[in-house]
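FYI, side chains are in, hydrogens and waters are out, and symmetry mates aren't considered; it's all heavy atoms of this structure. Predicted model only: the values in this text are computed from it and were never measured.
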Amino acid sequence: MLVHPSGIDLSSSTLRLLARHLRRRRREIGSRWRRLSAGRQALLTLGHLRCGDTCGRLAAGFNIGIATVCRYIREAVDVLAALAPTFEQAVSTAAQKAYVILDGTLLPIDRIAADRPFCSGKHKKHGMNIQVITDPFGHLLWASPALPGAVHDIKAARTHDIPAALTRAGIRCWADKAYQGAGGTFRVPYQGRWDQFSAGQRAVNVSHAKIRALGEQAMATLKQWRLLHKLRCSTTRITAIVQAVLTLHLTTSACG
């Protein structure tokens with residue numbers, strides 16, 4: 001296999017943060033010797049998450065075995081996922097904001113047509129449903145555990161207890177039409193044909209769309225992590241990967 005130098009569009013502070021946590025992890029488990037240092041393991045993991053490099057390509061680039069690459073990535077992802085904000089922490093942070101924006105997205109996966117629970121009727125492809133909460137400026141606050149793509153956004157939100165929790169905390173939430181019926185403090189646009197709306201209803205929907213656009217921008221920023229373009233791992237690992245990416249995204253945003 002040919003090997004060539006490449007770059008990762010992340011700051012060195014992100015690499016140092018992950019390397020620091022990996023060193024702490026190694027001390028905790030008493031790991032004495034590894035094929036790669038904590039810094040190299042961190043670089044390998046960032047190449048996988050940010051650039052979507054496969055284990056085979058990384059194994060050739062770092063001159064180690066594929067099984068070792070998979071083990072290093074899994075360890076680093078678990079370390080990062082443990083640092084991601086919990087839903088309770090996100091609600092506490094959201095309580096200090098004027099409002100929040102909730103949106104759902106489908107992370108594509110490589111599943112066959114027979115895997116019906118993972119097939120999204122809306123997107124016409126297989127994937128995992130992720131719910132994302134952002135603040136009024138479009139900054140990510142929280143990403144939910146992954147659910148099969150066939151789960152509708154409103155059902156996913158209720159499964160994670162999002163409407164009830166935000167209502168109890170008195171936090172206003174802007175969401176799209178998929179969350180119709182959420183009730184409480186949720187605000188959704190009017191449904192129906194545009195030509196049948198009154199002038200007031202049109203103005204409300206336009207204003208609503210402008211607010212939600214910031215949430216969609218945050219979602220697009222999250223998907224700059226190329227691994228999320230199409231996940232080829234076990235569906236049981238996707239929640240940890242999303243939480244790991246969220247941790248790195250928040251770290252990168254803070255450093256920026």
Side-chain angles (χ1 to χ4, degrees), residues 14 17-18 20-22 24-25 28 49 74-107 128-149 151-176 178-188 211-212 214-223 225 228 231 235-256:
T14 305
L17 173 88
L18 178 53
R20 184 169 66 251
H21 285 290
L22 288 174
R24 184 180 304 166
R25 164 69 178 171
E28 290 174 353
L49 296 176
R74 186 184 185 95
E75 179 184 45
V77 165
D78 288 341
V79 167
L80 289 169
L83 300 173
T86 64
F87 181 54
E88 291 72 19
Q89 291 172 333
V91 170
S92 177
T93 302
Q96 304 171 28
K97 310 292 183 179
Y99 59 87
V100 296
I101 305 166
L102 175 66
D103 199 4
T105 188
L106 185 81
L107 300 181
M128 299 294 285
N129 182 300
I130 300 293
Q131 300 293 302
V132 173
I133 296 177
T134 60
D135 70 6
F137 301 100
H139 299 147
L140 282 166
L141 299 179
W142 179 75
S144 74
L147 292 174
V151 178
H152 194 271
D153 280 340
I154 182 62
K155 182 178 179 180
R158 286 170 174 162
T159 299
H160 302 307
D161 199 38
I162 298 174
L166 295 182
T167 300
R168 285 195 300 268
I171 302 170
R172 292 184 297 170
C173 179
W174 263 249
D176 61 26
Y179 300 90
Q180 195 79 27
T185 55
F186 270 58
R187 300 292 182 267
V188 296
I211 292 174
R212 287 191 299 103
L214 292 173
E216 294 174 356
Q217 290 174 13
M219 197 81 73
T221 302
L222 185 64
K223 290 187 176 180
W225 297 82
L228 300 182
L231 291 155
T235 55
T236 60
R237 292 293 301 164
I238 292 179
T239 293
I241 290 173
V242 171
Q243 296 300 320
V245 168
L246 176 62
T247 298
L248 291 172
H249 174 79
L250 295 176
T251 301
T252 305
S253 302
C255 294

**Study point:** His139 NE2 to Ile101 CD1 distance, which is reported to the nearest 0.5 Å
**Key:** 11.0 Å
Exercise for review: Please report the shortest heavy-atom distance between Ile154 and Ala178, naming the atom on each side.
Suggested key: CB-O, 3.4 Å
Check your understanding: Which pairs with one or both residues in residues 77-105 pass ring-ring contact (aromatic ring centres under 6.0 Å, His included), sequence neighbours excluded?
Key -> Phe87-Trp142, Tyr99-Trp174
**Study point:** Nearest-0.5 Å distance, CG of residue Leu231 to CD1 of residue Ile238
**Key:** 5.0 Å
Review point. Is any side-chain heavy atom of Met128 closer than 4.5 Å to a side-chain heavy atom of Val242?
Key: no
Practice item. Could you pull out all residues at least two apart from Arg74 that satisfy side chain to side chain donor-acceptor pair (under 3.5 Å)? Key: none
Exercise for review: Compare every heavy atom of Pro136 with every heavy atom of Ala98, then report the nearest pair and how far apart it is.
Suggested key: N-CG, 4.4 Å
Point to revise | Closest non-hydrogen atom pair, Val100 against Ala94 | key: CG1-CB, 3.5 Å
Review point. Taking all non-hydrogen atoms of both residues, which atom of Ala157 and which atom of Tyr179 are closest, and how far apart?
Key: CB-CE2, 3.9 Å
Review point. What residues, two or more places apart in sequence or in another chain, satisfy side-chain contact (heavy atoms from CB on, under 4.5 Å) together with Thr86?
Key: Glu88, Gln89
Practice item. May I ask you to test the Leu147-His160 pair for a side-chain heavy-atom distance under 4.5 Å? Key: yes
Practice item. Output all residues satisfying side-chain contact (heavy atoms from CB on, under 4.5 Å) with Ser92, sequence neighbours left out; order by chain, then residue number. Key: none
Review point. What's the spacing between Thr247 OG1 and Leu18 CG if we round to 0.5 Å?
Key: 10.0 Å
Check your understanding: CG/Leu214 to CG/Asp135 distance, rounded to the nearest 0.5 angstrom?
Key -> 9.0 Å
Review point. Within a strict 4.5 Å, meaning less than it, do heavy atoms of the His21 and Leu80 side chains meet?
Key: no
Review point. Shortest non-hydrogen contact from Ala240 to Ala81?
Key: O-CB, 3.6 Å
Review point. Looking at residues at least two apart in the chain, or sitting in another chain, which of them share a side chain to side chain donor-acceptor pair (under 3.5 Å) with Arg25?
Key: none
Exercise for review: Check whether any side-chain heavy atom of Ile133 lies under 4.5 Å from a side-chain heavy atom of Leu102, and answer yes or no.
Suggested key: yes
Exercise for review: Please name all residues satisfying side chain to side chain donor-acceptor pair (under 3.5 Å) with Lys97, sequence neighbours left out, ordered by chain then number.
Suggested key: none
**Study point:** Set of side-chain contact (heavy atoms from CB on, under 4.5 Å) partners for Thr105, sequence neighbours left out
**Key:** Leu107, Ile130, Met219, Lys223
Check your understanding: Any side-chain heavy atom of Pro85 within less than 4.5 Å of one from Leu250?
Key -> yes
Review point. Excluding sequence neighbours, so at least two apart, what forms side chain to side chain donor-acceptor pair (under 3.5 Å) with Arg187?
Key: none
Review point. Distance-only, no hydrogens or angles: does the Thr185 side chain make a donor-acceptor pair with backbone N or O of Ile171 under 3.5 Å?
Key: yes
Practice item. Find the distance between CG (Asp78) and CG (Leu83) and round it off to the nearest 0.5 Å. Key: 11.0 Å
Review point. Hey, are the side chains of Arg212 and Asp176 touching, using non-hydrogen atoms and a 4.5 Å cut-off?
Key: yes
Check your understanding: Between Thr239 and Ala146, is there a donor-acceptor pair closer than 3.5 Å when you use the side chain of the first and the backbone of the second?
Key -> yes
Review point. Looking at side-chain heavy atoms only, is the closest gap between Leu228 and Ile241 below 4.5 Å?
Key: yes
Practice item. For Ala220, enumerate each residue passing the side-chain contact (heavy atoms from CB on, under 4.5 Å) test, keeping only those at least two apart in sequence or located in another chain. Key: none
Review point. Partners of Phe186 by ring pair (Phe, Tyr, Trp, His ring centres under 6.0 Å), sequence neighbours excluded?
Key: none
**Study point:** Pairs flagged by salt bridge (Lys or Arg N to Asp or Glu O under 4.0 Å) wherever residues 153-171 is involved - sequence neighbours left out
**Key:** Asp161-Arg168
Review point. Of all heavy-atom pairs between Gln243 and Pro145, which one has the smallest distance, and what is that distance?
Key: NE2-N, 4.4 Å
